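Excluded from the calculations below are hydrogen atoms, water molecules and symmetry mates; all remaining heavy atoms, backbone and side chain alike, are included. What you see is a predicted model; the values in this text were computed from it and never measured. When a ligand or atom number is given, it counts from 1 through the structure's own listing order.
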Amino acid sequence: MNMRERVWILGVPLAPLTAEEALATVAEWLRAERGRTRLIFTPNAEIIARAQVDPELRAALAGADLTVPDGIGVVWASRFLGTPVPERVPGIELLEAVLGLAARQGYRVFFLGGRPGVAEEAAARLSARWPGLQVTGTHHGYFGPDEEEKVLENIRAAAPDILVVALGAPKQELWLTRHKEELTVRVALGVGGSLDVLAGRVKRAPQLFRRLGLEWLYRILRQPERWRRAVFLPRFVLAVLAEALARKRGRE
Ligand code: UDP
């Protein structure tokens, strides 16, 4: 992602791309020679608010090759601050599009994350949907620091083109950034709870909620333990308002 093309929201860069353009960018990286690993993250308002108080997370997001706005709050903020991104690009939709591409073009995929069994279930369901899909490895996301080397070795042995990391945010962003140099994959995506959805364990919000930009509310209602994380939402709004004020003063 070219620096000049990025939009900055509270110190976090975002690519001003439609979902289709984001997929085209990933497709290009997959076609390119195997070189360095490109990191793709999908921050929402909660993550951007967390990044305000977590310098390592902020650096991880700033160092990514592609970041797309997963949440409606981020799209709102980008418009409010006068540097709009075209649309919301839900992480799960980008992931599904990338997996569809992988199935058509024969790219190898590795799933890392979720409770034991989830990655395998997701792989089985997706292979039924796209018989050409090659999931060449899976590993659950509950490993300790002493198992890290083994997990990295598993990934290298499976030689995937695409690494899907579902450790939840901000764990996946930090993990991928720390281990980027030890990975020999073309692209790695941090996808939060998407493997749970693809495995059929968690349902996505109905279309009505999605259309109204209320997918986040649906998730809180279905998983009430998420309320604790919602404290980041008012913080996000306040930080955006403060930033808008600062930018206005800067212009005067
Ligand atoms: N997870 C994991 N290892 C951990 C913590 C979480 O693999 O140490 C998984 C968890 O099983 C779930 C996902 O990470 O599949 C986090 O889901 P969530 O919906 O909370 O994603 P977020 O909204 O944080 O991106």
Side-chain angles (χ1 to χ4, degrees), residues 12 14 39-54 56-58 60-61 64 66-74 88-96 98-99 109-126 135 137-148 150-152 154-155 163-179 188-205 209-210 213-233 235-236:
V12 171
L14 289 167
L39 300 188
I40 304 167
F41 300 137
T42 68
N44 56 17
E46 179 198 330
I47 288 307
I48 296 179
R50 271 180 195 257
Q52 306 308 300
V53 290
D54 182 344
E56 193 185 353
L57 176 58
R58 204 160 58 233
L61 292 168
L66 177 65
T67 42
V68 292
D70 185 28
I72 197 72
V74 182
R88 178 178 173 221
V89 183
I92 183 144
E93 289 176 19
L94 181 62
L95 173 62
E96 286 186 297
V98 169
L99 294 175
V109 184
F110 192 106
F111 287 155
L112 172 65
R115 299 198 170 282
V118 165
E120 291 77 10
E121 264 169 55
R125 286 175 70 122
L126 289 164
V135 180
T138 55
H139 198 287
H140 65 79
Y142 293 84
F143 51 90
D146 49 326
E147 293 163 292
E148 205 136 77
K150 194 195 82 197
V151 171
L152 288 164
N154 273 354
I155 297 171
L163 173 63
V164 175
V165 183
L167 299 175
K171 202 166 177 179
Q172 63 211 3
E173 287 80 6
L174 300 177
W175 193 85
L176 275 171
T177 302
R178 279 186 211 133
H179 297 292
L189 296 95
V191 300
S194 296
L195 287 184
D196 291 326
V197 175
L198 295 176
R201 293 206 183 183
V202 172
K203 277 216 172 353
R204 259 195 93 186
F209 279 79
R210 292 189 211 169
L214 292 175
E215 190 157 13
W216 59 275
L217 179 63
Y218 179 86
R219 294 183 78 187
I220 291 176
L221 295 174
R222 288 296 295 254
Q223 296 166 271
E225 65 279 8
R226 298 183 86 91
W227 267 119
R228 260 184 292 128
R229 307 182 356 180
V231 300
F232 283 102
L233 298 177
R235 285 193 209 164
F236 177 76

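At a threshold of 4.5 Å between non-hydrogen side-chain atoms, the residues Thr67 and Val12 do not count as touching. With contacts defined as side-chain heavy-atom distances shorter than 4.5 Å, the pair Val109/Val98 does not qualify.
Here Gln223 has no heavy atoms under 4.0 Å from ligand 1, in either its backbone or its side chain. The part of Arg219 lying near ligand 1 is the side chain, judged by heavy-atom distances below 4.0 Å. Contacts between His140 and ligand 1, counted as non-hydrogen atom pairs separated by less than 4.0 Å, are absent for every part of the residue. If you look at Arg229 next to ligand 1, the close heavy atoms, those under 4.0 Å, all belong to the side chain.
Protein heavy atom nearest atom 9 (C) of ligand 1, with residue, atom name and distance: Ala166 O, 3.4 Å. For atom 5 (C) of ligand 1, the closest non-hydrogen atom of the protein is Leu167 O, 3.5 Å. Summary of contacts: the protein heavy atom closest to atom 7 (O) of ligand 1 is Gly114 N, 2.8 Å. Ranking protein heavy atoms by distance to atom 8 (O) of ligand 1, first place goes to Lys171 NZ, 2.6 Å. What sits closest to atom 24 (O) of ligand 1 on the protein, heavy atoms only, is Ala169 N, 3.1 Å. For atom 15 (O) of ligand 1, the closest heavy atom belonging to the protein is Asp196 OD2, 2.6 Å. Nearest to atom 13 (C) of ligand 1 among the protein's heavy atoms is Gly192 O, 3.6 Å. The protein non-hydrogen atom at the shortest distance from atom 17 (O) of ligand 1 is Gly193 CA, 3.3 Å.
With ligand atoms numbered from 1 in the order given, ligand 1 contributes 13 (C), 14 (O), 16 (C), 24 (O) to contacts under 4.0 Å with heavy atoms of Gly168. Near Gly113, the atoms of ligand 1 lying under 4.0 angstrom from a non-hydrogen atom of the residue are 7 (O). Those atoms of ligand 1 with a heavy atom of Arg115 less than 4.0 angstrom away are 11 (O).
The residues Glu173 and Arg58 are annotated as not salt-bridged, no charged nitrogen and carboxylate oxygen being separated by less than 4.0 angstrom. The existence of a salt bridge linking Arg125 and Glu121 is excluded, since no basic side-chain nitrogen approaches an acidic carboxylate oxygen closer than 4.0 Å.
The aromatic rings of Phe143 and His140 sit tilted, their planes meeting at an angle between 30° and 60°.
A side-chain donor-acceptor contact under 3.5 Å links Glu148 and Trp175.
Nearest to atom 23 (O) of ligand 1 by heavy-atom distance, out of Arg226, Gln172, Arg201, is Arg226. Of the listed options Tyr142, Trp216, Phe143, Tyr142 places a heavy atom closest to atom 1 (N) of ligand 1.
Nearest heavy-atom pair across Val191 and Ala166 is CG2-CB, 3.8 Å. Taking every heavy atom of both residues into account, Ala60 and Thr177 meet most closely at CB-OG1, 3.3 Å. Heavy-atom minimum distance, Gly91 versus Thr42: CA-CG2, 3.8 Å. Considering all non-hydrogen atoms of both residues, Asn44 and Val74 come closest at C-CG2, 3.5 Å. Among all heavy-atom pairs drawn from Leu176 and Gly190, the shortest one is CD1-N, 4.2 Å.
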